[in-house]
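Here is the structure we will look at.
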Amino acid sequence: MKIRIKGLEFSYNSIPALKDVTIDIYESEIVAIVGPNGSGKSTLLKCIDKILKPQKGAILINGKSVKDFSQIEIAKAIGYVPQGIKQFFPATVFEVVLMGRRPYLSWRCSRKDLEKVFAVLKLLNIENIVMRDFNELSGGQQQKVLIARALAQEPEVLLLDEPTANLDIKHQLEVMEMIRTIVKEKGITAIVAIHDLNLASRYADRIVMMRSGKVFAVEDPNNVLTPTNIEKVYGVKVRVIKLDRMMYVVPLDPLDSLD
Amino acid sequence: MDTTELLRVKREYERYVGRKLLFIIFTSTLIIVVAGISATLGSYPISVSEVYSIILKCLISHPESTKESIVWNLRMPRIILAIIAGAGLASSGAMTQGILRNPLATPYTLGISSAAGLGAAIAIILSKGIFVGKYVIVGNAFLFSLIPTFIILALARFKGSTPETMILAGIAMMYIFSAITTILMYFAEPEAVKSAYFWMVGDLGRALWEIIPTIFISLLICFTLLMWKTWDVNVMMIAGDEVAKSLGVNPERERIFVMLASAFLTASIISFTGTIGFICLVAPHICRMIIGGDYRYLLPASTLFGGALLLICDTIARTILAPVILPVGVVTNCLGGPMFLYLLMRRKKEYW
Amino acid sequence: MRTVFLASILLIASIGLANASDYMGLFNDNRITKDELANVIADYMLGSSRLSLDEIRDASYVYIHWSGEPKSIVDSANRTITIYKPIKRIVALHSDAVEASMVLGAKDKVVGVSKYTKESKRQFPELSELPSVGSCFDPDIEAVVSLNPDVVISYVRWPDSSKLEEKLELLGLNIAVIRLDFYKGSTMKEEMEKLGYLLDKEKNASKYIEWFEKYENLVKSRTPEKRVKVYTCGKPLRAFGEGTGLYDLSVMAEGKNILEGREGYFDVDPEQVIVWAPEVILRWSYAGGYETNDISGMKTEYEEIVYKPGFKNVPAVKNNRVYVMSADLATAPSFPAALVTVAKWLYPDRYSDTDPREIFQEYIDNFLHINYNVSEQGSFVYPKW
């Protein structure tokens, strides 16, 4: 599935969050969206999934405007993994993942739905915690459950908002590996908003760097993660080291002001 | 796929679901048992076997003797009304808690009870109403109780129908209507005030066969509508508004739909019975503690349990101080408070 | 030959008639005729009557005492109540109706009372022992019906007909509900007359009305040239305006009520009362009554007014003309006693020869027929008669 974003603009109550964003996203790739806090990463994801309605601009999925899709059609095509683990009411892991089947359910869930849920649980290696209360799980497990839910939607695109934010090193790598495997095996496109530049450089096919709601750069990691760019966008002096064909960003000094 | 693992998980899930179905069967039986006991209780001496033979007889023919009339025209409608009203209040309570994502929310939080109280007070104290005749109080209460609903709808248009907006608007409605009612009662004669007040406390003493069909149909229709939305409420509750959108649910629209159905159901009940408290709060909570928060099962369970609960309360209300009849609202309030505290102490999982 | 033939046809016809009808059927043309009665009795003796012995007794009674016609009144709720047989069993939903039954000498007919009556053991020593049917606002219909009454007497406004008449109708029972208040001075006489008529106690009703009018006229005959300004209130200074029993009492006692033109019950700013400067303040109380000798409740209510800040110079307070009266005296068939009490408070010099306590005792002795000495028992007024 090809996503084309053209001239997107979004403001929260006249506070602008996205300005003239234009990006193309292709099939079966991992695109990382990086940028400082408040640069519009989450907002962009929510616009793509029709959670927020942009004031200007268009989002085209395979050439068809997102506006012409019904909420359910979008739900069958795009899976969203939200930022932060906010749980409202107690639910078992199974029930949480079952929510992902909502776009397909009429009233009762069919045998097929149950099987898809089990399949997705198995894929993420969480079938042993299926009856546990979601709130009682560790951060890493919860993140996997949320990914499982998004996968249960049988999407062609996965949107993940800071999936590694609250995880330890091991789980961070686990989750990112899982995303890479899923993208490869299922041909899904993953758009990941992430603040860890090293993870981004390690796993992303392309990186979109954002600053103050605008797209600053869109290229492969080597070309985006340069000290100049990072200084300009983050206001931090860094050194970029290449180690075993991967780029590592080493922070040095914060600068006094951003220009 | 590993079939044994899959089977084990499936079996676990089925057991989990099986418990819920068992509870639903249990509450249905409970209703029948309590109804059976309640029918035999009353100040007029009628033996247990007589009561049952009368009931069987009156299912096919008309009651003739005084005893038959008492059982069939006096006790039975009250019992049936208690079941239907309790069911309706519990189901709208359960769904309101779901869409407002607040375990303390009830349809009354949306201002319905205060408005119905005002409508009834106007009819009782001023003897003025939109309808005339026998149903002047009922008609007034019903019409007035829908006013806050429409005001909240209008507000939602401007401020969005988030749970916060609706709860705040509802509380504002509560205060406004209570204030007007207070002013009205302040200038009225003590006895009229007593009447109005007792209406508001909730009383099933006005039960008649002729009002049963209306309330029953209302329950049937609204319950079906609510049942249709249980899956969406599940999503909204477990995933939150934003993720719900990503799953194909329109939370704002569903919230309004459920609110309208719950409000209508509640209004149609309390305009006959007065504002019976606590059933809409306690019944869903108890059910949730036993069978969990999946609304596909929680809604029917709450409905049945609410019917049983209100029937138990009403039976206590009319027999505990016989021949003095307590309004059922007194019993639900007395039992509801401590019950709620007990639930609070016993809760294991954080709700919010 | 012809007479025999005619007689047998008549007999056969009347047998047919009697057989085809029940008790109510006797009232063709709205009266029982001698022939109908005779036939019914004959049928009974032949063993072929559809009427019970009781019903025949009732029919005979109606024929003899009521000239064969049913009795009808229009009660205080404007409903026409018609009875076709003598009333033998009464359920009285409020104590004032119980009192009225006692006044009419019909206390043996009362079979069920409200829970409030049960608590009034001194006022109703025998009747408080009767079974209770609940409260007058929400009576237990099953309890009422199990007492098998002929009539139920209730207040005009309570309970709602959906809780009384409609339920009785549902049960298909022929129990008449008569709505009479017996607590308002302005309607007391006609209500007593109507109930007396229905209970065949017209003589007792007349006796009461005579007594009532004696004192009504007494007060009217002593109308002063200048009327005293009265303020009528309840707890704590809540105004009792037009339409209330207390207002009626003050006006019938020839006082000029400051609240003229204002209706109902409402709170008034104490400063306004000071401005009005009433010469007499009359307060209604639940604190006293037949059941207690303890005057302290009424005394407290008195002191609430008298010691209220700013009230020192209100004429009623300054001149010691604040009075508290118990509801048991003021809003009941004992009304004439209350009337004279208030009249004397308003115009003491015109009533120096009258002791209202004696009038009240008269009432208790001649109408309530209980062993009760007003001088020693109960607390009905404060500070004094």
Side-chain angles (χ1 to χ4, degrees), chain A residues 42 45-46 48-52 70-84 86-92 94-96 98-109 111 114-115 117-119 121-123 127-128 130-131 133-136 146 149-150 152-153 155 159 161, chain B residues 1-17 19 97-98 100-103 160 163 224 227-254 288-289 292-298 347-352:
Chain A
S42 300
L45 290 184
K46 290 181 192 172
I48 296 175
D49 203 11
K50 239 185 151 180
I51 294 176
L52 295 174
S70 74
Q71 201 85 30
I72 295 211
E73 287 170 329
I74 297 260
K76 289 185 185 173
I78 305 179
Y80 176 72
V81 182
Q83 174 181 50
K86 261 190 308 177
Q87 192 51 11
F88 291 101
F89 272 80
T92 60
F94 185 86
E95 285 164 341
V96 174
L98 190 55
M99 297 295 122
R101 295 302 298 167
R102 167 63 181 80
Y104 301 93
L105 295 174
S106 48
W107 187 79
R108 1 184 17 131
C109 48
R111 189 183 170 74
L114 289 178
E115 288 189 349
V117 170
F118 289 126
L121 289 172
K122 176 99 184 149
L123 179 70
E127 73 267 23
N128 52 326
V130 73
M131 283 294 132
D133 184 357
F134 183 84
N135 287 331
E136 292 168 7
L146 294 184
R149 174 175 69 194
Q153 291 171 253
L159 305 175
D161 199 346
Chain B
M1 169 168 314
D2 197 273
T3 16
T4 40
E5 278 245 16
L6 182 62
L7 273 174
R8 185 186 62 83
V9 173
K10 268 196 181 173
R11 211 166 298 142
E12 228 187 299
Y13 180 68
E14 266 152 26
R15 244 210 324 261
Y16 181 65
V17 169
R19 257 214 335 255
Q97 284 171 8
L100 295 182
R101 240 182 270 125
N102 188 325
T224 315
M227 207 56 212
W228 183 33
K229 292 294 169 186
T230 48
W231 199 236
D232 290 336
V233 174
N234 277 349
V235 173
M236 281 161 62
M237 280 218 345
I238 294 182
D241 272 12
E242 282 191 341
V243 175
K245 281 192 204 165
S246 79
L247 291 169
V249 174
N250 185 339
E252 312 230 318
R253 199 181 55 195
E254 303 307 341
R288 194 176 278 126
M289 266 176 49
D294 185 347
Y295 271 85
R296 293 176 299 153
Y297 304 100
L298 185 60
R347 75 175 174 170
K348 297 191 205 117
K349 305 179 181 163
E350 295 298 317
Y351 283 137
W352 65 98

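Within every chain, numbering begins at 1; the chains are lettered A, B, ... in the order of the sequence lines, protein sequences first and strands thereafter.
Between Ala75(A) and Gly248(B), the shortest heavy-atom distance links the atoms CB-N, 3.4 Å. The nearest pair of heavy atoms linking Asp294(B) to Glu95(A) is CB-OE2, 3.8 Å. The shortest heavy-atom contact between Arg149(A) and Ala239(B) is NH1-CB, 3.6 Å.
Within the 4.5 angstrom heavy-atom criterion, no atom of Leu121(A) approaches chain B. Both the backbone and the side chain of Ile51(A) have a heavy atom closer than 4.5 Å to some heavy atom of chain B. For Lys46(A), the part sitting under 4.5 Å from any heavy atom of chain B is the side chain, from C-beta outward, and nothing else.
Here Lys50(A) contributes atom NZ and Ser246(B) contributes atom OG; the two are 13.0 Å apart, rounded to the nearest 0.5 Å. Here the straight-line distance linking atom CG of Leu105(A) with atom CZ of Arg296(B) works out to 7.5 Å at 0.5 Å rounding.
Asp232(B) places a side-chain heavy atom less than 4.5 Å from the side chain of Arg102(A). Counting heavy atoms from C-beta outward, Asp49(A) and Lys245(B) have side chains that stay 4.5 Å or more apart. Side chains of Ile238(B) and Phe134(A) form no contact here, defined as non-hydrogen atoms less than 4.5 Å apart.
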